[in-house]
Amino acid sequence: MANDSAILDAFKFDQTEEKVSSSRKMRVGIIGCGGIANSHIKAYLLQPDVEIVAGCDLVPGKAKAFMEKYGITDAKTDYPSHKEMLEDDSLKLDAVSVCTYNRQHKDPTILALRKGIGVLLEKPFTVTLDEAVEIMKVEKETGTCLTIGFQPRFDENMKMLRRIVESGVLGDIYYIQTGGGRRRGIPVNRGTSFIEDETAGLGALADIGCYSIDMLMNALGHPKPVTVTGYTSAFFGKDPNYVRYQQLGHPEYADKFEVDDFGAGFIRYENGMVLDFRISWAMNIDTPGDTIILGTKGGLRLPSTECWNGSLGGPMKLYYEQCGEQLEVEIPLRKTKKTLFEYKVRTFLDAVRDGTPPPVPSKQIIYNQAVIDGIARSAACGHEVEVVIPEI
């Protein structure tokens, strides 16, 4: 442990503050005023250069009530869908957050891009790889800013993970075990939008699995997946005796459950690395295990959490060898100054205003989507599938 300080010093960095120009208010709209939209609007309201001017939702009256909840009484909300809102040129929108159901991500995003309106698209990117490719083609055609909502990237510990990998201390990474989940945590407290195919399309894979995959792929520089062997199940979601259904008084939700509550995959990458992945909304264990990164020079352990949300359950631990001695270094947890959604929104607004690259670009998240899509396809056909990402 004699070299702990030297190892830790190599990973030091400062948290820098964003520069905000309030010379002109940016005009922002919200598409989809359900659960996750609350986190978006709270973050927007903290920005001095933002004015929330519009909102829409497919449920009549929902957008109006949503805006009033946050004291926004002058926003226009009388739109039956995203189409009418985005085509209302009087709004002079600079940016929108797309917070719709997973199945509805594509259409409002494409229309906003075509109108020259910057888009913060909530995760997951889409349900299928084909949908993501459609969006990216329009993004390239229009040159409009598109960023995908992976706020854990702004966590200081996630940044530290990337610095560790980039430092070379692990050598060439050849195997990763990752994932997470909840012992009991199917999200039905607000109804069935997360569990029906018509709205969600995917379950735990898209809801929290995409975060787990991005945590590692962002640290590793987004290697290209080439094959996927996947498995999904829904033993808890389809059980009318599932405890949360009973607590809510809705055992009939079991008949409406059409997605995965557990997913696993074995992914091979172009660089020879493999990813052993699993994610769950409900399972008969507290955690499927820590994240483990194995490299030719060292290894890294990321402690899991009981309710996986993109954070770490404790300090990371680095394992390496020096002068024939096997050593371990604990990487202290770092605090992030602001909420992750504040960083997510602020960096998006800066990119729209300044014409700079999006903070979480689609060209990175397309690989995440390809893995999720591959797991779903492989699970459906019962064998390994090839990942083909077309040129865009």
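Predicted model only: the values in this text are computed from it and were never measured. Worth knowing before you read on, the calculation uses all heavy atoms, side chains too, and leaves out hydrogens, waters and symmetry mates.
In the hydrophobic clustering, Phe348 connects to Met26, Val28, Ile30, Ile41, Tyr44, Leu45, Val50, Ile52, Phe66, Met67, Tyr70, Ile72, Leu120, Val345, Leu349, Val352, either directly or through intervening members, whenever side-chain heavy atoms lie under 4.5 Å apart. Grouped with Ile285 in one hydrophobic cluster are Met283, the linkage being side-chain heavy-atom contacts under 4.5 Å among Ile, Leu, Val, Met, Phe, Trp and Tyr residues.
Judged by distance alone, the side chain of Asp49 and the main-chain N or O of Arg24 form no donor-acceptor pair under 3.5 Å. Ser280 places no side-chain N or O within donor-acceptor distance of the main-chain N or O of Phe262, the cut-off being under 3.5 Å. Side-chain atoms of Ser97 never come within 3.5 Å of backbone atoms of Cys99 as a donor-acceptor pair (strictly under, hydrogens ignored). No side-chain donor-acceptor contact under 3.5 Å links Asp290 to the backbone of Arg301.
Looking at Glu141 and Arg114, a side-chain N of the basic residue comes within less than 4.0 Å of a carboxylate O on the acidic one, giving a salt bridge.
Taking the side chain as every heavy atom from C-beta outward, Lys224 and Tyr367 approach each other to under 4.5 Å. Residues Tyr174 and Tyr269 form no side-chain contact, since every pair of their non-hydrogen atoms from C-beta on lies 4.5 Å or further apart.
Scored by the side chain to side chain donor-acceptor pair (under 3.5 Å) test, Asn102 finds no partners at all (sequence neighbours excluded). With sequence neighbours excluded, no residue forms a side chain to side chain donor-acceptor pair (under 3.5 Å) with Thr77. In this structure Asp276 satisfies the salt bridge (charged side-chain N to carboxylate O under 4.0 Å, His left out) test together with Arg278, sequence neighbours excluded.
Atoms CD and NE2, on Gln104 and His82 in that order, are 8.5 Å from each other to the nearest 0.5 Å.
Using bins of under 30°, 30° to 60° and over 60° for the plane-to-plane angle, the ring pair Phe154/Tyr343 lands in the parallel bin.
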Verdict with reasoning, Glu156 to Lys159, per salt bridge (Lys or Arg N to Asp or Glu O under 4.0 Å): CA-CA 5 Å; Glu156 293 301 320; Lys159 293 179 182 178; 3.3 Å; yes
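Listed by first and then second residue, the salt bridge (Lys or Arg N to Asp or Glu O under 4.0 Å) pairs involving residues 235-257 amount to none (not counting sequence neighbours).
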